[in-house]
Amino acid sequence: MSEQEAYGPKDSRMLLKTTMQSDGDFDDPAAWLRETDIVSYDFPYAANLIADSFIEWLGELTALPFAKTWEWCVLDAEGRWIDNIKERQEQWRPQWEEVAAVSVISGRMHTIQFSVEGRDVNFFTIPMLTRNHGEIFTLLGCAMPTEQYEQGGKHTAEAMALHFQTCFYRRFEHVFVSDLANVHLHAERESNRRSLLFQIVQRMHDNIDVNAVLTEVIDSISAMYPGARLELFMSQDHRSPNPQVKPLPLLWTKNDVRARAFKDGRVAIETSMEDSHVVEIGLPLSGKQGVYGVFHMVMDNPVFSDTDLQFLSMVADTAGTAFENAKLYERSNQLIRELRMSNELTQRLNKSLRLGEVFQFAFEELLEMFEADYCCIVHMNEEKGGLEVIACNHPPLLHEILKNGQGLGGKVYATGEPLILSDYINNNATVSRLMDSTESQSLIATPLSVGGEVRGAIMLAHRDAHYFSYDNYRLLQAMAGHIGLAVGNARLHAEVRRLANRDTLTGLYARHYLDEMIKERQSTDFCGSLIVVDIDQFKAVNDTYGHQKGDKILKQVSEIVKSSIRQGDIAARWGGEELAVYLPQLGVQQSVLVAERIRERVMRETEPQVTVSCGIAEWSWTDERVSVESLFYRADMALYEAKNNGRNLVIVDNKTIKSF
């Protein structure tokens with residue numbers, strides 16, 4: 001047993017009394033130590049120290065041959081047996097305890113004579129008194145033949161007892177100094193730890209960057225325990241460039257120290273079953289709002305105390321608080337950034353009311369906002385019978401038509417539910433051409449709703465797995481709301497423009513739209529033709545059949561005109577019963593064929609039967625004067641000529657092409 005351990009489990013709490021010299025003489029720096037003493041409160045815990053002192057004292061008695069036949073023992077302050085030095089002493093224990101009981105009461109040495117194996121033996125106990133108050137702290141027992149006792153053995157034993165007292169106080173002083181040194185070392189170590197903890201806390205809280213906080217705490221712990229292997233497992237919504245920071249595994253064994261620390265939010269320690277010299281420690285990285293990760297330390301042959309665990313726990317708690325603060329700061333900046341981006345996106349979307357431009361603006365903004373590799377927007381096209389890829393930076397997919405439910409975009413459109421995918425290769429229940437052709441692993445997608453109706457889907461993809469966070473997923477849904485509103489406004493504006501540019505009765509374009517389009521085409525094309533169509537004697541039709549029948553005939557003629565021209569040609573109601581058709585980049589010869597087709601079909605297909613007259617005019621880039629007004633004037637003059645020449649005719653610039 002070491003001297004530091006002599007007092008047993010309560011040594012560190014032993015009450016020691018020090019009486020300094022009253023004359024103020026401090027020449028001897030160790031004088032105060034000789035005044036230290038044991039007090040009554042310490043007696044119950046002093047047995048180990050007394051026993052060790054007794055063993056040391058007995059060892060020094062070997063130099064006294066005359067004392068070899070004497071038997072010794074030591075008892076506590078109440079006269080109870082403390083230590084067996086020799087086996088045959090045990091049989092004399094009752095005698096010594098009987099003698100000791102008297103010494104405890106009297107406070108002096110007491111002797112009783114017993115007969116042992118036919119000889120008279122004196123058993124006596126000598127009280128050992130404290131330095132300052134003269135209290136009995138132990139009793140030294142001796143048994144010697146009566147003749148030796150009477151011949152001066154008693155006095156020799158008393159002198160030897162004084163030496164025992166010296167041995168005790170020498171050991172006591174050593175233990176006391178050792179305790180003081182340990183207290184000093186402990187205080188110094190705690191001071192260093194507090195200083196180090198303060199520096200760590202200051203550096204961590206000086207950082208408002210999440211990755212900087214994590215790097216700081218990892219470096220600090222590694223510097224304190226250089227032999228330890230340290231890793232930090234973080235929840236999936238945080239990525240770090242530090243190689244010691246890893247994502248939290250989805251599956252851990254029940255007894256894994258990391259799992260226990262993360263689940264319980266407390267420090268967990270475990271000795272390796274394979275190697276008892278290896279210790280694993282799990283330190284939760286937690287804040288007020290929850291546990292964000294867990295530090296995993298592995299140490300070989302550690303000299304580890306409860307103080308170390310407390311210190312590591314404080315470092316981990318401080319790191320958790322600093323991480324949470326940095327995360328909140330990052331989150332606030334992210335919210336500000338999201339609001340700014342949302343405002344910018346809304347402003348940019350509102351700059352245009354054309355549907356194509358809205359999709360293009362949204363596509364460009366989303367790519368930049370989420371730093372995605374690919375963006376794909378699909379929109380329902382009823383005319384083509386499916387979802388059309390309206391915007392995509394992967395050219396092979398642009399303008400593709402997807403069936404309802406086809407691919408991830410079709411799935412989002414059909415279900416109306418957003419989607420987040422972190423590892424496409426290992427979770428490819430639904431095949432996606434976008435993900436396969438671009439070799440992407442991460443995806444976030446959301447339905448595009450317009451006026452409460454799902455009209456398409458927005459998809460963002462990245463080649464790296466686990467790239468998009470839940471915040472990205474949530475932000476995309478918010479952005480989709482703004483985009484859907486802009487799309488709805490663009491569609492509404494397009495519908496208003498369509499209604500404003502259309503004649504409500506015939507469904508043909510209005511005259512002002514025809515004027516605008518002709519003027520626009522004259523600035524880009526090299527030629528074009530205008531056909532003016534007039535229903536012959538339409539007033540007589542109205543007078544004969546009534547205006548409702550007249551409107552029906554006007555609709556019939558309009559449908560014939562629309563179905564007789566190309567998709568890029570423009571048919572309009574010029575006024576009253578007059579219609580006009582502009583044929584971009586067609587000369588007069590081709591225009592005559594179109595006019596004749598219209599005239600013949602009207603004569604055959606109308607009920608009641610009516611006829612039309614047509615006037616044609618053309619323009620060319622070689623003309624001296626090119627204008628909408630001159631083109632209409634010449635076509636109108638040709639129509640006037642057709643009317644004057646008997647109607648049901650096609651006239652080009654005062655030339656009769658064909659009559660019925």
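What you see below is based on every heavy atom in this structure, not just the backbone, and it leaves out hydrogens, waters and symmetry mates. In this text the structure is predicted, and so the values were computed from the model without any measurement.
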Exercise. Got a donor-acceptor contact below 3.5 angstrom from the Asp464 side chain to the Tyr467 backbone?
Worked result: no
For this session: Give the intermediate values and the outcome of side-chain contact (heavy atoms from CB on, under 4.5 Å) for residues Ile483 and Phe361.
Result: CA-CA 9 Å; Ile483 296 170; Phe361 290 162; over 6 Å; no
Exercise. Charged N to carboxylate O below 4.0 Å: is that the case for Glu559 and Lys562?
Worked result: yes
For this session: Check Arg463, His462, His394 against Tyr374 for a side-chain hydrogen bond (donor to acceptor under 3.5 Å, both in side chains) and give me the one that passes.
Result: Arg463
For this session: Could you check if a side-chain atom of Asn472 sits within less than 4.5 angstrom of a side-chain atom of Leu476, using non-hydrogen atoms only?
Result: no
Seminar exercise, completed: Looking only at heavy atoms, the pair that brings Ala580 and Trp574 closest together is CB-CB, 4.2 Å
Exercise. Do Cys392 and Ile377 have side-chain heavy atoms sitting under 4.5 Å apart?
Worked result: no
Exercise. Are there more than 12 heavy atoms of other residues, nucleotides or ligands under 6.0 Å from atom CZ of Arg266?
Worked result: no
Exercise. Quick one: does Met369's side chain get under 4.5 Å of Leu475's, heavy atoms only?
Worked result: yes
Problem set entry | Any donor-acceptor N/O pair, Gln477 side chain to Thr446 backbone, under 3.5 Å | no
Exercise. Name the one of Leu460, Leu419, Asp423, Ile420 that satisfies side-chain contact (heavy atoms from CB on, under 4.5 Å) with Leu443?
Worked result: Leu419
Problem set entry | Closest approach of Ile218 to Ser222 (non-hydrogen atoms, all atoms of both residues) | O-OG, 2.8 Å
Exercise. Should Ser558 and Leu579 count as side-chain neighbours, where that means a heavy-atom distance under 4.5 Å?
Worked result: yes
Exercise. Between Arg455 and Glu453, is there a side-chain N and carboxylate O pair less than 4.0 Å apart?
Worked result: yes
For this session: Determine, step by step, whether Cys376 and Val389 satisfy the side-chain contact (heavy atoms from CB on, under 4.5 Å) criterion, reporting the C-alpha distance in whole Å, the side-chain angles of both residues, the deciding distance to 0.1 Å, and the verdict.
Result: CA-CA 7 Å; Cys376 182; Val389 180; 3.7 Å; yes
Exercise. Is there a side-chain contact between Met459 and Val412 (heavy atoms, below 4.5 Å)?
Worked result: no
Problem set entry | Salt bridge present between Glu270 and Arg260 (N-O < 4.0 angstrom) | yes
Exercise. Under 6.0 Å from the CD atom of Gln585, do we count more than 12 heavy atoms belonging to anything else shown?
Worked result: yes
Exercise. Is the closest side-chain heavy-atom distance between Ile444 and Phe370 below 4.5 Å?
Worked result: yes
Problem set entry | Whether Phe233 and His296 hold their rings parallel, tilted or perpendicular, with breakpoints at 30° and 60° | tilted
Seminar exercise, completed: Closest heavy-atom pair, Pro284 versus Val291, reported as atoms and distance to 0.1 Å, is CB-CG1, 4.3 Å
Problem set entry | Donor-acceptor pair, side chain of Ser442 and main chain of His466, under 3.5 angstrom | yes
Problem set entry | Side-chain touch Phe363/Ile390, heavy atoms, less than 4.5 angstrom | no
Problem set entry | Note, Phe295 side chain near Ile281 side chain (heavy atom, < 4.5 Å) | no
Seminar exercise, completed: Shortest non-hydrogen pair, Ser564 vs Val594, comes out as O-CG1, 4.1 Å
Problem set entry | Atom of Ala372, atom of Phe468 and distance for their closest heavy-atom approach | CB-CZ, 4.0 Å
Problem set entry | Taking every non-hydrogen atom, the tightest pair across Pro418 and Tyr473 | CG-OH, 3.3 Å
Problem set entry | cation_pi(Arg502, Tyr509) dist<6.0 Å, angle<=45 | yes
